[in-house]
Amino acid sequence: MQHTIQEIQAMSMLTLYRMLIKNVQYYPSKNRFKIMLAIKESFRDNRQLNDSKRITQEIKIAQMGLRNLEMYRIKNNEMKDVYKVKDDGFQDSMNPKDKNFIYF
């Protein structure tokens, strides 16, 4: 389920953080773990912010990141449903064990 922009804007910071961490597992990158660590570090570093303008800016960045990560999660689910290998009934052995087969 993809959240609407209004739903994402209404989320608390803790919910936003949890959704980011949860959805980063679907991001198609070999650096997925580093991205998750960067999200955690960013939230940890910005915990003590007092400037309201900077807080608003960081919240918008997190909301945009969540929208992007949800997009990849939905695409991943579509790929699972749409692209399936069809079983055409071909059962010929890849390693025939008859007398004409040469083993090396």
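Count residues from 1 along the sequence.
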Is there a path of hydrophobic side-chain contacts, each under 4.5 Å between heavy atoms of I/L/V/M/F/W/Y residues, joining [Y] to [X]?
X	Y	answer
Met64	Leu66	no
Phe43	Leu49	yes
Ile61	Ile55	no

Heavy-atom side-chain contact between Arg67 and Gln63 under 4.5 Å: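 Yes, side chains in contact.
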Just by distance, do the side chain of Thr56 and the backbone of Ser52 share a donor-acceptor pair under 3.5 Å? yes
Separation between [atom1] of [X] and [atom2] of [Y], rounded to the nearest 0.5 Å:
X	Y	atom1	atom2	answer
Gln25	Asn76	CD	CG	9.5 Å
Leu16	Ile39	CG	CD1	9.5 Å
Leu20	Lys40	CG	NZ	12.0 Å

Between Lys75 and Glu78, does at least one N-O distance fall below 4.0 Å, as a salt bridge requires?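 Counted as a salt bridge, because a side-chain N and a carboxylate O are separated by less than 4.0 Å.
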With sequence neighbours excluded, residues passing side chain to side chain donor-acceptor pair (under 3.5 Å) with Glu58: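 Scan of Glu58 (side chain to side chain donor-acceptor pair (under 3.5 Å), adjacent residues dropped) gives Asn46, Arg54.
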Under 6.0 Å from the [atom1] atom of [X], do we count more than 12 heavy atoms belonging to anything else shown?
X	atom1	value
Tyr26	OH	no
Tyr17	OH	yes
Arg18	CZ	no

Determine the minimum heavy-atom distance between Asn23 and Arg73, stating which atoms define it. OD1-NE, 2.8 Å
Over all heavy atoms of both residues, which pair between Arg32 and Val24 is shortest? Give the atoms and the distance, please.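 The pair with the smallest heavy-atom distance is CG-O, 3.1 Å.
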Test Phe33 against Leu37 for side chain to side chain contact (heavy atoms under 4.5 Å, CB included), laying out the working first. CA-CA 6 Å; Phe33 185 70; Leu37 291 178; 3.3 Å; yes
